[in-house]
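I have placed the structure first, in the form of structure tokens, so that the comments after it can refer back to it.
Scope of the values below: all heavy atoms of this structure, side chains included, with no hydrogens, waters or symmetry mates. Numbering starts at 1 and runs along the sequence shown.
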Amino acid sequence: PFKPATFDQTMAMPVPGRETAGTWREPPRPVELVDRTRPENKWMDKLRMQNVNLGDGASFYSDDAKRRKYVEESVRQGYNAFMLHGNLCRHLQAEGHTAILEREIDKFVKDAHRHDIKFFDHMDVTLAWANHYGFRALIELLDVAMLDIYDNLPTYLLCLENPKWKKHFFDYLRQKAQDGVDGFQLDELMYWWHGCSCGHCRSKFAKETGWQFPLDETDPTCRYQAKTRLYNRWTAWQFVNTTNWRVDLRRHLKDVNPNIFMSTYSTYEGQVGRRCLLGSFLETARTMSMLGTEVMQQDVMRCSRPFMSLARVKNVFKKAYGVPSWNWFYNSSYANECFAFAVCNMTGEVPFLTGDWLGARYDPAFANPVEWSSKSRPMEVDGSFSVAEVGLFFSTTSCHLNEGDDYTPELFGLAQELETMHVPYEFFAEPNCRIRDLGKYKVVFIGEAQCLSDADITALRAFRAAGGRVVTSGGSERRDRA
């Protein structure tokens, strides 16, 4: 446990107006991935996850007989992994409460391993939830809280770069890995809205890039609306650094479990909205085992038109780093479960269906869910690939930095129309906008991608010169990517 905060941060103060005087350097982007071709990792290719909702008191699974029945039924249905859900801020709770929860988790891990089922813990990293001792914990953690760049006051997010907090959390996960947990679903791993103003983050940004961020909160550079070159690069650095934090974690755990499963997720809005977490996710794929989506639509059949294109866009992770994706569904009916399963097979993803079939009601017009679930098998994600000859360029930078015209409506409207016309297509992002990757397409659509890099433009021109077709919009390529 931490004791009341003591502040000991130092940093080099920038000279006003001279923050960008140095030569810009791209921050490091190390890649640390599990070798999915190794025999001990082939289970990932046939991943079928089942939900385990621990709840605040671990009451459901504290009954040994009930817990074992749940595990055995999951085995019969063909599941090979459990994803923990609930109580996502256990690391911020009172020691006694946390100890009770950890004992129950340990029982579940042991029962799962008896049946050769993997167990993934699930928690939030930076966010101090109010209903999980969060604000109470912040009294002792103010010195590790992120600071708002506009007033330098503490926020309710814990700083990724604070050495005290980073060591504490890394050691906590290391102990869980030693106790047998097979992987981690780490969420809310993010920066405060416009970054962290603490000395650790500012110093690391300056060390890695050669630039500094202003300390004067009235400097227009600090404003999101300004979208200056410095502000945009400050934001991009945060995307890079959150992934580098995960790389550090994987390396910290490597001697305990070199094949540790690591995952995270967001909603579709988070991935392709104006803040474009897909760009952050594309960075995150440098160290992930899989990346997921929390599908918020309760009736995916009625949302099928946008749902199909949103599901397909996540294959950019697989194209870039060989990292497949999964979808977590909160479905309203068994018919939706079947449809969700089918869509994942069509898009080469893993379905995560949260329905508890132990006594669950189902539509008699469909097959018995237990029997269907135990016999059905999702596509092997590592062995599947797209044969589409139409490529849609998802420019993550343009999605985040476009001015005036929003980026996604045109691109995803086109994708929906291609679905209606039954024309196979696929999305690709910046890592695959290279001539060696574009050669498989007959036509590439760019859309309203205002912010293309020199490398993107060179590859697209070479593709056109080699006989390919490039379809652009009026706003394409009109702004510097930075």
Requested in this report: Check for a donor-acceptor pair, side chain of R202 on one end and backbone N or O of M13 on the other, with a separation under 3.5 Å.
Outcome: no
Query - Main-chain N/O of P27 paired with T209 side-chain donor or acceptor, under 3.5 Å - result: no
Query raised in the report: Looking only at atom types and distance, does a side-chain atom of N315 sit under 3.5 Å from a main-chain N or O of T347, one as donor and one as acceptor?
Result: yes
Query raised in the report: Going through the checks in order, is the side-chain contact (heavy atoms from CB on, under 4.5 Å) test met by D182 and F261?
Result: CA-CA 6 Å; D182 301 290; F261 183 92; 5.6 Å; no
Query - Over all atoms of both residues, closest heavy-atom pair of L215 and P14 - result: CD1-CD, 3.9 Å
Report task. Using distance alone, with no hydrogens and no angle criterion, decide if S453 and D456 have a side-chain donor and acceptor under 3.5 Å apart. Result -> yes
Query raised in the report: Does F428 have its ring centroid less than 6.0 Å away from the ring centroid of Y441?
Result: yes
Query raised in the report: Are side-chain heavy atoms of C201 and C159 found at a separation under 4.5 Å?
Result: yes
Report task. Identify whether the distance between the nearest side-chain nitrogen and carboxylate oxygen of R76 and E73 falls below 4.0 Å. Result -> yes
Report task. Before accepting this row, confirm whether a basic side-chain N of the pair R114/D111 lies closer than 4.0 Å to the acidic partner's carboxylate O. Result -> yes
Query raised in the report: Got a salt bridge between E426 and K440, using NZ or NE/NH1/NH2 to carboxylate O under 4.0 Å?
Result: yes
Query raised in the report: Considering only heavy atoms from C-beta outward, does the side chain of W192 approach that of Y156 to under 4.5 Å?
Result: yes
Report summary line: Interatomic distance, CE@M288 vs CD@Q185, rounded to 0.5 Å, equals 8.5 Å
Query raised in the report: Given side chains that start at C-beta, do those of L291 and T284 come closer than 4.5 Å, heavy atoms only?
Result: yes
Query raised in the report: Which value, rounded to the nearest 0.5 Å, describes the distance between L173 atom CG and L186 atom CG?
Result: 6.0 Å
Requested in this report: Give the minimum heavy-atom separation between I435 and A459, together with the two atoms involved.
Outcome: N-CB, 3.9 Å
Query raised in the report: Is S74 reaching over with its side chain to a backbone N or O of Y79, donor-acceptor style, under 3.5 angstrom?
Result: no
Requested in this report: Keeping the roles fixed (side chain from N244, backbone from P28), state whether a donor-acceptor pair exists under 3.5 Å.
Outcome: yes
Report task. Start with the C-alpha distance between R233 and T20, add both sets of side-chain angles, then the distance that settles side-chain contact (heavy atoms from CB on, under 4.5 Å), and finish with yes or no. Result -> CA-CA 11 Å; R233 285 181 166 173; T20 61; over 6 Å; no
Requested in this report: Starting from the C-alpha separation in whole Å, work towards a yes-or-no answer on side-chain contact (heavy atoms from CB on, under 4.5 Å) for F317 and L282.
Outcome: CA-CA 6 Å; F317 310 136; L282 200 58; 4.0 Å; yes
Query - E294 and T267 side chains, donor-acceptor separation under 3.5 Å - result: no
Report task. Could you tell me how the ring of W245 sits relative to the ring of F169: parallel (under 30°), tilted (30 to 60°) or perpendicular (over 60°)? Result -> tilted
Report task. May I ask you to test the K314-F427 pair for a side-chain heavy-atom distance under 4.5 Å? Result -> no
Query raised in the report: Do N80 side-chain atoms and R48 backbone N/O form a donor-acceptor pair below 3.5 Å?
Result: yes
Query raised in the report: Above 12 or not: heavy atoms from other molecules or residues under 6.0 Å from CG of D116?
Result: no
Query raised in the report: Has the side chain of S203 got a donor or acceptor atom that lies under 3.5 Å from a matching backbone atom of H200?
Result: no
Requested in this report: Keeping the roles fixed (side chain from D148, backbone from L153), state whether a donor-acceptor pair exists under 3.5 Å.
Outcome: no
Report task. Using a cut-off of 6.0 Å, state whether more than 12 heavy atoms not belonging to F170 lie near its atom CZ. Result -> yes
Query raised in the report: Looking only at atom types and distance, does a side-chain atom of T155 sit under 3.5 Å from a main-chain N or O of L157, one as donor and one as acceptor?
Result: yes
Query raised in the report: What are the two closest non-hydrogen atoms of N327 and A311, and how far apart are they?
Result: ND2-CB, 4.5 Å
Query - Side-chain donor-acceptor pair present, R246, T287, cut-off under 3.5 Å - result: no
Query raised in the report: With a 4.5 Å limit on heavy-atom distance, are the side chains of V109 and D179 in contact?
Result: no
Report task. I would like to know whether R174 and D171 meet salt bridge (charged side-chain N to carboxylate O under 4.0 Å, His left out); could you show each step before the answer? Result -> CA-CA 5 Å; R174 184 181 177 86; D171 289 347; 5.8 Å; no
Query raised in the report: In terms of the angle between their ring planes, are Y231 and H194 parallel, tilted or perpendicular, with boundaries placed at 30° and 60°?
Result: tilted
**Report entry** Minimal non-hydrogen separation, P154 against L142, with atom names
**Finding:** CB-CD2, 3.9 Å
Query raised in the report: Without hydrogens or angle criteria, can the side chains of E430 and T396 be said to hold a donor-acceptor pair below 3.5 Å?
Result: yes
Query raised in the report: Between R29 (side chain) and E283 (backbone), is there a donor-acceptor pair under 3.5 Å?
Result: no
Query raised in the report: Run the side-chain contact (heavy atoms from CB on, under 4.5 Å) check on F108 and Y70 step by step: do they pass?
Result: CA-CA 10 Å; F108 215 114; Y70 189 87; 4.0 Å; yes
Report summary line: When rounded to the nearest 0.5 Å, the distance separating CD of Q175 from CD of Q178 is 5.0 Å
Report task. Working to the nearest 0.5 Å, report the span between CD of E349 and OG of S325. Result -> 3.5 Å
Query raised in the report: For the residue pair V181 and F119, what are the closest heavy atoms and their distance?
Result: CG1-O, 3.7 Å
Query raised in the report: Can you tell me how far CE of M44 sits from CZ of R36, rounded to the nearest 0.5 angstrom?
Result: 6.0 Å
Report task. May I ask you to decide whether R250 forms a salt bridge with E32, counting only side-chain N to carboxylate O separations under 4.0 Å? Result -> no
Query raised in the report: Should we count CG of D454 as having more than 12 external heavy atoms under 6.0 Å?
Result: no
**Report entry** Check ion pair D63-K107 (N to O, under 4.0 angstrom)
**Finding:** no
Query - salt bridge (charged side-chain N to carboxylate O under 4.0 Å, His left out) assessment of K176 paired with E102 - result: CA-CA 9 Å; K176 295 187 73 63; E102 296 295 353; 2.6 Å; yes
Query raised in the report: F213 vs W234 aromatic rings, parallel, tilted or perpendicular, using cut-offs 30° and 60°?
Result: parallel
Query raised in the report: Taking C-beta and beyond as the side chain, do L189 and T264 meet within less than 4.5 Å on heavy atoms?
Result: no
Query raised in the report: Mind checking whether H168 and N162 have side chains closer than 4.5 Å, heavy atoms only?
Result: no
Query raised in the report: Using 4.0 Å as the upper bound for N to carboxylate O, is an ion pair formed by D248 and K166?
Result: yes
**Report entry** From W211 atom CH2 to L230 atom CG, the distance as rounded to the nearest 0.5 Å
**Finding:** 6.5 Å
Report task. Compute the ring centroids of Y172 and W165, then answer whether they are less than 6.0 Å apart. Result -> no
Query raised in the report: Less than 4.5 Å apart, any side-chain heavy atom of L160 and any of Y191?
Result: yes
Query - Check: H122 ring centre within less than 6.0 Å of Y265 ring centre - result: yes
Report summary line: Nearest heavy-atom contact between A177 and F184 is N-CZ, 4.1 Å
